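Below is one structure; the comments refer to it alone.
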Amino acid sequence: MKMSRLLNETLREAPSATEVAGHQLLLRAGFVRQVAAGVFSYLHLGQRTLQKIEAIMRQEMDALGGQEIKMPLVHPAALWQASGRWYEIDAELGRLVDRNGRSLTLALSHEETLADLARQEIHSYRQLPQLAYHIQTKWRDDPRPRAGLVRSREFTMLDSYSLDADEAGLDGQYQAHYDAYFRIFARCGLPVLAVQADVGIMGGTLAHEFMYLTPIGEDTLLLCDGCGYRANRQVATFHKPESQQGTQTVQFVAELVVGEEKRERVVTAVLSQNFQINETKLGHVLNAQRLRPTAEQATDLWLVDDGLTGWSGQVDKVADIAAAQEGDTCTNCGQPLRTARAVEVANIFKLGTRYSGTMGATFVNAQDEARPIVMGSYGIGVTRLLACLAEHHRDEAGLVWPVRVAPYPVHLLALRGGEETAESLYQQLLQAGVDVLYDDRDERPGVKFNDAGLIGLPLRLTVSQRSLVMGGVEVQVRAGGETAVAPVATLVTYVTSWLASAR
RNA sequence: CGGGGCGUAGCUCAGCUUGGUAGAGCGCUCGGUUUGGGUCCGAGAGGUCGUCGGUUCGAAUCCGGCCGCCCCGACCA
């Protein structure tokens with residue numbers, strides 16, 4: 001690709017309404033442009049990077065025996081009414097009405113659509129297990145998009161769905177995804193941790209999240225260096241000391257959804273003064289869709305933390321409703337827990353029969369009995385992964401792409417006196433199957449060098465009068481910066497062998 | 001949805017306090033210059049000052065509504 005033909009230009013300064021470094025670089029280097037809050041266009045370089053990431057994902061999902069499909073962005077509301085999520089999820093679900101007055105939703109995820117497919121196609125245990133995946137657009141009308149692609153409203157996700165006859169089958173597919181996701185992140189060049197997680201709006205019985213540790217993250221993790229315990233704060237447990245000083249009460253209105261009806265109950269939570277309330281845990285105990293703080297209303301339910309001693313007031317229910325904090329004691333090994341901030345780049349859920357049960361996706365087993373299909377769902381935020389890669393792989397000059405996900409592996413710069421040689425090398429590299437970004441623009445050297453640093457392709461080739469006098473082409477590795485001069489005659493071999501060893 | 005901030009040329013911003021002919025740098029066009037780290041000189045194009053309304057002889061500037069964007073919180077892949 002010739003840079004003179006690229007639609008976008010690089011930006012000398014970051015747009016003012018941006019704060020996160022990785023996002024600023026994606027904008028400045030011309031990978032993405034913002035269209036609306038949480039909505040982005042992917043320009044050529046961004047799209048190329050996404051394609052590299054997606055190719056790795058397809059390889060790993062195919063290796064699991066997955067079959068690629070594609071489900072729609074627009075769904076009939078009836079599917080979401082059947083699962084109950086039409087009622088459970090509030091404004092985050094995009095709803096629209098077609099010209100005939102039929103209610104539709106925008107895909108927030110695809111459990112319903114896949115369960116609907118399963119109930120049409122799967123009849124017998126002989127057809128199981130199954131694994132289907134797709135890479136598709138999601139719309140979640142997030143109340144607060146932020147940090148560019150880290151938290152957007154429209155985003156791309158790799159999501160896969162497993163169908164099994166029993167729990168043992170689900171366990172196997174869940175574990176297979178757990179392992180495959182680590183391989184995907186390793187190949188993309190993003191370090192991640194897997195932690196125990198809340199099932200959130202997906203429902204089900206067990207979930208893990210894959211976390212990239214970074215201060216720009218919005219999730220808080222609790223980590224134990226003693227035994228390796230790792231959990232999202234939403235579900236993290238900790239050892240509560242025997243003697244606790246004082247009690248506090250916190251009052252909430254819990255919104256419950258029963259079928260199509262919404263109900264509210266006023267709940268007073270009671271816990272030690274030293275603890276913080278964990279609203280995720282509280283919500284689960286109450287089976288509430290939402291909690292909102294309130295004050296001084298007649299309490300319907302008294303909920304007491306299981307670590308509290310010496311509470312003499314009313315008790316309707318006892319449960320763990322306290323949030324683990326930095327320095328709390330690990331339940332497993334007694335060591336102190338530490339906290340870290342992270343971005344959730346993927347999650348995997350054991351759905352069980354959450355969707356197959358409500359939507360009637362059943363099969364007949366060998367005993368001729370109808371059984372709900374046992375499901376799992378698994379997702380990686382592709383565009384969020386792009387954001388995390390930009391955040392992780394950068395320096396003062398710009399982005400520093402790993403070879404495997406770089407939009408192009410090679411950046412060829414033609415400077416004065418090197419134009420003809422550069423043009424020839426460009427053609428030779430293309431013929432050798434090397435994708436090249438070729439800076440053929442009529443710009444000064446400084447502009448080209450700065451843009452090359454900003455875009456951050458792995459290998460920079462500079463051809464100029466000076467380099468030719470020195471013996472050929474200057475080759476610089478973006479990560480690390482070491483330079484060499486390669487003869488023009490053997491440059492293509494030099495580049496292909498470097499790339500082969502770097503992959 | 002609560003709190004805060006912002007909206008002036010493609011980008012970054014000044015001008016608003018104290019109302020009176022709309023500015024700078026970068027970018028863009030043309031000419032020259034320079035050519036290995038975002039050259040330099042000259043000429044030029046480009047803006048209904050987010051939008052609607054109000055106050056006023058007169059509004060980018062004061063007042064109000066609305067829209068949009070960002071940050072914090074609630075929330076979230």
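Below, read A as the first sequence line, B as the second, and so on, with proteins coming before strands; counting in each chain starts at 1. It should be emphasised that the depicted structure is a prediction, and the values quoted were computed from it without experimental measurement.
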Partner of [N] by Watson-Crick or G-U wobble geometry, both contacts under 3.5 Å, or none?
N      : answer
A22(B) : none
C6(B)  : G68(B)
A60(B) : none

*Going by distance alone, is a donor N or O of one side chain under 3.5 Å from an acceptor N or O of the other, for Y161(A) and H134(A)?*
no
With respect to the side chain of [X], which nucleotide from [options] is positioned closest?
X       : options                : result
A17(A)  : C70(B), G27(B), U12(B) : C70(B)
R146(A) : A74(B), C69(B), C71(B) : C71(B)
E92(A)  : G25(B), A74(B), C76(B) : C76(B)
P15(A)  : C76(B), U12(B), C69(B) : U12(B)

*Donor-acceptor pair under 3.5 Å: do we get one between R384(A)'s side chain and the base of C76(B)?*
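Donor-acceptor pair under 3.5 Å: no.
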*Quick one: label A36(A) by what it contacts on the DNA or RNA (base, sugar-phosphate, nothing), any heavy atom closer than 4.0 Å.*
sugar-phosphate
*Tell me what A147(A) touches on the nucleic acid: a base, only sugar-phosphate, or nothing, going by heavy atoms under 4.0 Å.*
sugar-phosphate
*Do K350(A) and D171(A) meet the salt-bridge criterion of a basic N to acidic O distance under 4.0 Å?*
yes
Which whole-number value in Å describes the distance from [X] [atom1] to [N] [atom2]?
X       : N      : atom1 : atom2 : value
I216(A) : C72(B) : CD1   : C1'   : 16 Å
E19(A)  : G4(B)  : CD    : C1'   : 13 Å
D142(A) : C69(B) : CG    : P     : 13 Å
D219(A) : C75(B) : CG    : C1'   : 11 Å
Q24(A)  : C69(B) : CD    : P     : 19 Å

_By nearest heavy atom, map P145(A) and A346(A) onto RNA chain B; which one lands nearer the 5' end?_
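Going by which nucleotide is closer to the 5' end, it is P145(A).
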*With nearest nucleotides of RNA chain B determined for S16(A) and M157(A) from heavy-atom distances, which residue corresponds to the more 5′ nucleotide?*
S16(A)
*List the protein contact pattern of nucleotides 35-40 of chain B with one symbol per nucleotide (5' to 3'): B for base contact, S for sugar-phosphate-only contact, - for none; contact means a heavy-atom distance under 4.0 Å.*
SBBBB-
Donor-acceptor pairs under 3.5 angstrom involving side-chain atoms of residues 29-46 of chain A: please list them, not counting sequence neighbours.
residue, atom, partner, partner atom, Å
R33(A), NH1, L27(A), O, 2.6
R33(A), NH2, E9(A), O, 3.0
Q34(A), NE2, A36(A), O, 3.1
H44(A), NE2, Y408(A), OH, 2.7

